[in-house]
Amino acid sequence: MSLYVYNSLTRQKEPFEPADPANVRMYVCGMTVYDYCHMGHARVMVVFDMIVRYLRAIGYGVTYVRNITDIDDKIIARAAENGEPIGDLTERMIAAMHEDLATLGCLTPDAEPRATGSVPDMVEMIQWLLDRDYAYATESGDVYYAVGRFSGYGRLSGENPEELRAGARVEAEPDKRDPLDFALWKAAQPEEPAWRAPWGKGRPGWHIECSAMSYRELGCPLDIHGGGADLKFPHHENEIAQSEAALDCHLARYWIHNGFVRVDDEKMAKSLGNFFTIRDLLAAYDAEILRVFLLSSHYRSPLNYTEENLRGAAGALERLYTALEDLDPVDYPDIGEVPEDLRQWVARLREAMDDDFNTPEAFAVLFELAREVNRRKESEPEEARAAAGVLRMLGGTLGLLQRDPSTFLRRDTGDLSVSEVERLIAERAEARRARDFATADRIRDQLAEHGIELEDRPDGTVWRKQTK
RNA sequence: GGCUGGGUGGCAGAAUGGCCAUGCGACGGACUGCAAAUCCGUUCUACGCGGGUUCGAUUCCCGCCCCAGCCUCCA
């Protein structure tokens, strides 16, 4: 059995065959740091984190590079608006991003190159394009890519250059030879940061940074190039044009694009005023719940944000952690150590994930395994420990289930302190001993109003946070 | 208009040419002082519409309708 990946370039699932299995080279377009990460960013980050984890879990070595765009029009505008230096704004947003991603359980990429730290690489690549006549400089000092010179333009997005020109909503830039041409370099403007280049001072266009940085960090071709679906056109199309013209090499073997986050079935967008930052949501939901939500639909499908769906994710995670509770799961550092009778679960998860990272199917496997753990819990504690160990290990391949179950299940006491909760539980225990069930039930109702759910067990009462 | 994806039971969300997804919800049973959690069972003729291929299609083919995204900065 082997991994199949949907390749946006060919529009079909293909067997995954990296050039070097010991070093899968993966480049993901990260974010432009002028504001906090929203759920759309979170989805990209979590989806590709899941992909890296899975590739590593099945034995690949992966070099994961994710860039940071820290110079562009929006950043310049926002910094001016705030009356702060560009560097202050971007440093602040990068720190916030790192914090958000760590909270969501995303691994740190192996490299996180910044555009401003890579300008010489970009200048060099633009020079190659000029030398080969794939680019031209204008009177005003801009440099454009000559799309008409590149025959493969439109292959990734399925767009036809002729159609694009015909329906060109692109406003006419007098200096462009072709409306499809795009900026590689923008001539310096007063009040804007600028770098030196042989053809004049200025700053890089957006697309060139990914071509230059991916080449510097990983060479060419990449095994995987990823990003949000909206980057297919024009960003990735332009990257292909740049890299292939400059390097005589196909930029990437596999293109992976994730679907959008929607809100009430509309795209989440700042212009619609319906976007949520990761921070907004972390105030209301545990980070691992967000992660479950983000992986609960297939990465290429749209993901609809609703309160109900978030609650569903919370319930799902609670079910999994409840299965792990009060067990000491066996630690399996390697799949090979899983007992024979539990291997089928590992195989089923792999089968799901090997099919283009089918996380919903993977969750189905985890739920069935959780049921198996629960079944064994009473009668066969040792077998339950083993099954729980596998559940935990498989959850780990998705970046989940690594916490102590009781920390998760008792993560939040709402507006009561833990000692108050415990005091009330003790009071109730007293009442129950006296068979004063009216009092006992009143205390239970009182706790329920604070979102605390009780469970009476033979050896005492435990409480947990109730998600409703 | 062009280019991508989609339309599955009360909700979310997979797979699949003929049998079970899975989770949540609802209902019944076991357990419990009652609950909760858990287990067992049931629920809902689920597959956008109309044709075709087939012994048999939600699944393949054709046409249509509808939705979302991209075509302009966007994860």
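In what follows, chains are A, B, ... by sequence order, proteins preceding strands, each numbered from 1.
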| G23(B) C1' sits how many Å from Y321(A) OH, rounded? | 17 Å
| message | Under 3.5 Å, is there a donor on one side chain and an acceptor on the other for T103(A) and D100(A)? | response | no
| Nearest heavy-atom pair of F357(A) and I256(A): which atoms, and what distance? | CE1-CD1, 4.4 Å
| message | Nearest heavy atom decides the nucleotide; on that basis, is A370(A) or M39(A) closer to the 5' end of RNA chain B? | response | A370(A)
| field | Span that lies between the C1' atom of C47(B) and that of U59(B), in whole angstrom | value | 10 Å
| When we call it a touch if two heavy atoms are under 4.0 Å apart, what does M45(A) touch: a base, just sugar-phosphate, or nothing? | nothing
| Is a donor-acceptor pair below 3.5 Å formed from side chain D72(A) to base C73(B), judging by atom type as modelled? | no
| request: Flag this pair as yes if the NZ/CZ of R300(A) is under 6.0 angstrom from the six-membered ring centre of Y6(A) and inside a 45 degree cone about the axis; otherwise no. | output: yes
| field | Touch class at under 4.0 angstrom, heavy-atom based, for Y299(A) against every strand present | value | nothing
| task | Determine the contact category for G228(A): base if any of its heavy atoms lies under 4.0 Å from a base atom, sugar-phosphate if only primed atoms, P, OP1 or OP2 are that close, otherwise nothing. | result | sugar-phosphate
| Without hydrogens or angle criteria, can the side chains of E307(A) and Y285(A) be said to hold a donor-acceptor pair below 3.5 Å? | yes
| said: Between U72(B) and C65(B), how many Å separate the two P atoms, rounded to a whole number? | reply: 26 Å
| said: Please classify the nucleic acid contact of G30(A) as base, sugar-phosphate, or nothing, using heavy-atom distances under 4.0 Å. | reply: sugar-phosphate
| For N304(A), which contact category applies under a 4.0 Å heavy-atom criterion: base, sugar-phosphate, or nothing? | nothing
| query | Base, sugar-phosphate, or nothing for F367(A), non-hydrogen atoms under 4.0 angstrom? | reply | sugar-phosphate
| For RNA chain B, which consecutive runs of 3 or more Watson-Crick or G-U pairs (each distance under 3.5 Å) count as stems? | B:1-7 with B:65-71, B:10-12 with B:22-24, B:25-30 with B:38-43, B:48-52 with B:60-64
| How far does the P atom of C27(B) sit from the matching atom of A35(B), given to the nearest Å? | 13 Å
| field | Flag for D354(A)-Y54(A): side-chain donor and acceptor within less than 3.5 Å | value | yes
| said: For Q446(A) and H450(A), which I'm curious about, is there any donor-acceptor pair between the side chains at under 3.5 Å? | reply: no
| message | Regarding T69(A) and E209(A), do their side chains bring together a donor and an acceptor under 3.5 Å, going by distance alone? | response | yes
| Which part of the nucleic acid does G312(A) contact within heavy-atom distance under 4.0 Å: base, sugar-phosphate only, or nothing? | nothing
| query | Rounding to a whole Å, what distance do you find between H298(A):NE2 and G7(B):P? | reply | 13 Å
| task | Report which part of the nucleic acid D441(A) touches: base, sugar-phosphate, or nothing (heavy-atom distance under 4.0 Å, all strands). | result | base
| Which nucleotide sits closest to the side chain of A364(A): U22(B), C70(B), A36(B)? | U22(B)
| message | Checking contacts here: which listed nucleotide (A14(B), A21(B), A36(B)) is nearest the side-chain heavy atoms of E455(A)? | response | A36(B)
| note | Which of C39(B), C34(B), A21(B) is nearest the side chain of N374(A)? It is C39(B)
| note | R300(A) CZ to C70(B) C1', in whole Å, measures 16 Å
| Whole-Å P distance, C24(B) and A57(B) | 34 Å
| said: Can you identify which nucleotide, out of G23(B), A75(B), A15(B), has its nearest atom closest to the R319(A) side chain? | reply: G23(B)
| said: Without decimals, in angstroms, what is the distance between D445(A) CG and A36(B) C1'? | reply: 12 Å
| task | Report the distance from atom OH of Y153(A) to atom C1' of C3(B), rounded to the nearest whole Å. | result | 13 Å
| task | Using a 4.0 Å heavy-atom cut-off across all strands, classify L454(A) as base, sugar-phosphate, or nothing. | result | base
| query | Nearest to the side chain of K74(A) - U4(B), C73(B), A75(B)? | reply | C73(B)
| request: Give S8(A) one of three labels, base, sugar-phosphate or nothing, depending on what nucleic acid heavy atoms sit under 4.0 Å from its own. | output: nothing
| task | Name the nucleic acid region contacted by F437(A), choosing base, sugar-phosphate or nothing; use a 4.0 angstrom heavy-atom cut-off, strictly under. | result | base
| D459(A) CG to U32(B) P: how many Å, rounded? | 15 Å
| How would you label the contact of S301(A) with the nucleic acid (heavy atoms, under 4.0 Å): base, sugar-phosphate, or nothing? | sugar-phosphate
| Which part of the nucleic acid, if any, lies within contact of V261(A), taking any heavy atom under 4.0 Å across all strands shown: a base, the sugar-phosphate backbone alone, or nothing? | base
| Taking the side chain of N358(A) as heavy atoms from C-beta outward, which of A15(B), A12(B), A35(B) is closest to it? | A15(B)
| request: Give the rounded distance in Å between these two atoms: CZ of R262(A) and C1' of C70(B). | output: 13 Å
| task | Kindly point out which of A21(B), A14(B), C3(B) is positioned nearest to the side chain of E159(A)? | result | C3(B)
| query | Looking at C39(B), does its base get a donor-acceptor pair with the side chain of R371(A) below 3.5 Å? | reply | no
| query | What nucleotide among G33(B), U4(B), A15(B) has an atom nearest to a side-chain atom of R428(A)? | reply | G33(B)
| message | Please report the distance separating the P of C67(B) from the corresponding atom of C60(B), rounded so that it comes out in whole Å. | response | 23 Å
| When the P atoms of G7(B) and G17(B) are considered, how many whole Å apart are they? | 16 Å
| query | Do T63(A) and D110(A) have side-chain atoms, one donor and one acceptor, less than 3.5 Å apart? | reply | no
| Under 3.5 Å, is there a donor-acceptor pair linking the side chains of D49(A) and Y64(A)? | no
| query | How is H235(A) classified with respect to the nucleic acid when contacts are heavy atoms under 4.0 Å: base, sugar-phosphate, or nothing? | reply | nothing
| message | Closest approach to the side chain of T32(A), judged atom by atom: which nucleotide of G33(B), G13(B), A75(B) is it? | response | A75(B)
| Got a donor-acceptor pair under 3.5 Å from the side chain of R444(A) to the base of A35(B)? | yes
| field | Spacing of I289(A) atom CD1 relative to G23(B) atom P, expressed in whole Å | value | 18 Å
| task | Taking only the side-chain heavy atoms of Y6(A) (C-beta and beyond), determine which of G33(B), G5(B), U22(B) contains the nearest atom. | result | G5(B)
